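Just so it is clear, the structure is predicted and the values come from calculations on it, not from any experiment. When a ligand or atom number is given, it counts from 1 through the structure's own listing order.
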Amino acid sequence: MTGRLFREVVLPERDPAERFDVLVEGREIARVGPGGSLAVPASATVVEADGRWLLPGFIDDHVHLREPGLERKEGYATGTRAAAAGGITTLLEIQNNPPLMVDRAAVEAKLAQVRPLSVVNIGVYGSLVRESLGHASEMADLVHGYKLFMGPSTGGIDVSGDEVLRSMFREVAATGHWLFVHAEDGDLIAQGIARHGPDGARAFHLARSAAAEIKATEDALRLAHDEGTRLHVFHLSSGGALELIRDARGAGRPVTCGTCPHYLYFTHEDTARVGPLLKVNPSIKTAGDREALLAGLRDGTVDCLSSDHAPHTAEEKAREFPLAPSGIPCLDIFMPLCLTLAERGALPLTTVLDRAARTPAALHGFERKGSVAEGFDADLVLVDPRERRVVRGAEHFSKARQTPYEGAELIGWPQLTVVGGEVVFARSPEA
Ligand code: DOR
Ligand code: ZN
């Protein structure tokens, strides 16, 4: 059996002051012992970590990779390599371009196409659109949940109307899976556009308002309660919607949520200054919303950090604001963005590791992922916490290399990413 011994690592999840040895055998973490305590097995490769961090691979449950259908924007070969470079060892993907995941045959065909291309663990969501009605249960064993767009976004696959939404919530409840929503209200956005006009970053922010996110979150919570559906609200952007989720959880309801780095690094003032590179749905909101989301991450109301990697071509993102598509690529720098939040004091390091690995593992039922512990899958990332690097989109594996983080200095860059015991990414120190 192939083996790898990581000698003298720090496991920040446990104790930042202690050193450990971690032995990987085959696909698993076989032993974790005090630093210097484990003998080197005959066929093992030794990694002298000398105090570097060994982290659980991040589990990113919100990614768009566009394959099949829009491979000019991204694909699984490039996207999963970007993920590995960005410290992600498991990603769950939302297909929001045709062919949508509307029945079992579509999911089977997609998985058969993309699995052989992937260097990290992958999974997909079923699509909730009118054509998928009646098909949720037949794909239940193949998907990690179902994704519903409650407001207009890239792909134009939003669903509105209480009765059809109710049928979808009921269908998902019967599968036992969670229902994952993009919560923005289409009517409020349309009213906002009518009032503020379709042009420019300022109008975009005013139309894609916190009120729109709050209204859709309210509707989703009501339908989930009525139909007994477990609800996860993706990419929260406002403190107002977070309050609704905090109340629902306080009442013991099965409700979880996530947010993304762009809502924690930027405000709508940055969108106005930077332009289409920060155009995203939901829109980036105020400094107060950002502080509320950070507080929600700290107190555990926000369960997950995910990338919402949404690749578009450089040409598309170079259009004027109203014509540019929404979405920010993120996979290549996801772990550095998350860990730099800890370095800057915005979040405790243990909280970052929990929200990007341990809690998404628990939420998605990955019982042996999300921690560096004996018997867990060897999905691991080696990071030198002293190493600082500057974001250069031109170096990214993703086809979408334009990034609003260009030039930012971050910590937390994966040096080695291991999936199921195999090295899938190694960064040469001088690169
Ligand atoms: O900004 C966004 N881009 N929001 C979404 O909901 C979808 C995504 C995309 O697929 O480009
Ligand atoms: Zn998305």
Side-chain angles (χ1 to χ4, degrees), residues 60-75 79 82-83 88 91-101 123-129 144-160 179-186 189 201 204-205 207-208 212-213 216-217 220 232-238 241 257-263 265-266 268 270-271 274-285 304-317 319 321-331 334 360 398-400 402-404:
D60 182 359
D61 75 352
H62 190 135
V63 175
H64 303 277
L65 294 183
R66 319 286 195 217
E67 180 169 5
L70 281 179
E71 288 88 344
R72 69 188 162 80
K73 294 189 190 229
E74 191 70 286
I88 296 155
L91 66 81
L92 300 181
E93 202 249 347
I94 295 154
Q95 171 103 9
N96 58 345
N97 56 266
L100 297 175
M101 298 297 104
V124 300
Y125 294 90
S127 310
L128 292 175
V129 289
H144 290 262
Y146 301 85
K147 170 70 186 290
L148 170 65
F149 283 84
M150 293 181 75
S153 196
T154 317
I157 54 169
D158 50 305
V159 179
S160 56
L179 192 158
F180 295 80
V181 292
H182 177 128
E184 286 191 290
D185 184 80
I189 293 172
F204 177 78
H205 163 70
R208 288 207 171 251
E213 186 174 75
T217 303
H232 181 92
V233 182
F234 272 142
H235 48 52
L236 273 195
S237 68
S238 71
C257 66
T259 192
C260 314
H262 40 272
Y263 302 115
Y265 273 86
F266 300 110
H268 68 103
D270 297 310
T271 314
V274 173
L277 288 184
L278 283 176
K279 184 177 181 187
V280 62
N281 306 332
S283 69
I284 297 169
K285 302 202 167 48
C304 299
L305 280 164
S306 59
S307 70
D308 198 359
H309 177 75
H312 297 287
T313 66
E315 200 176 61
E316 288 164 335
K317 288 299 267 185
R319 292 178 189 153
F321 199 94
L323 300 176
S326 287
I328 300 174
C330 182
L331 290 176
F334 183 60
S398 170
K399 288 186 187 174
Q402 66 289 342
T403 166

Handout entry: Pair Ser153-Glu184, side chain to side chain donor-acceptor pair (under 3.5 Å): steps then yes or no
Key = CA-CA 9 Å; Ser153 196; Glu184 286 191 290; 5.6 Å; no
Practice task
Decide, counting backbone as well as side-chain atoms, whether His235 has an N, O or S atom less than 2.8 Å from the Zn ion (ligand 2).
Solution key: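 Checking the Zn ion (ligand 2) against His235, no N, O or S atom falls under 2.8 Å.
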Handout entry: Heteroatom N/O/S of His64 within less than 2.8 Å of the Zn ion (ligand 2)
Key = yes
Distances only, to 0.1 Å: what are the N or O pairs between ligand 1 and the protein that fall under 3.5 Å?
from	atom 1	to	atom 2	distance (Å)
ligand 1	1 (O)	Asn281	N	2.8
ligand 1	1 (O)	Gly327	N	3.3
ligand 1	3 (N)	Thr154	OG1	3.3
ligand 1	3 (N)	Ser326	O	3.0
ligand 1	4 (N)	Ser153	OG	3.2
ligand 1	4 (N)	Asn281	O	2.9
ligand 1	6 (O)	Ser153	OG	2.7
ligand 1	6 (O)	His182	ND1	3.1
ligand 1	10 (O)	Arg66	NH1	2.8
ligand 1	10 (O)	Arg66	NH2	3.4
ligand 1	10 (O)	Asn96	ND2	2.8
ligand 1	11 (O)	Arg66	NH2	2.8
ligand 1	11 (O)	Thr154	OG1	3.1
ligand 1	11 (O)	His312	NE2	2.9
ligand 1	11 (O)	Ser326	O	3.1

Handout entry: Three-point angle Asp308:OD1, the Zn ion (ligand 2), His62:NE2, rounded to the nearest 10°
Key = 90°
Practice task
Give me the ring orientation class for Phe234 and Tyr125: parallel if the planes are under 30° apart, tilted from 30 to 60°, perpendicular past 60°.
Solution key: perpendicular
Problem - Electrostatic pair Arg72:Glu316 at N-O distance under 4.0 angstrom - result: yes
Problem - Between Ser238 and Lys285: side-chain donor-acceptor atoms closer than 3.5 Å - result: no
Exercise for the section: Answer yes or no: is there a donor N or O on one side and an acceptor on the other, between the side chain of His312 and the main chain of Lys73, under 3.5 Å? Expected result: no
Handout entry: Check: Ser398 main-chain N/O paired with Glu74 side-chain donor or acceptor under 3.5 Å
Key = no
Handout entry: Positive for side chain to side chain contact (heavy atoms under 4.5 Å, CB included) with Phe204, one of Leu278, Ile284, Asn281
Key = Asn281
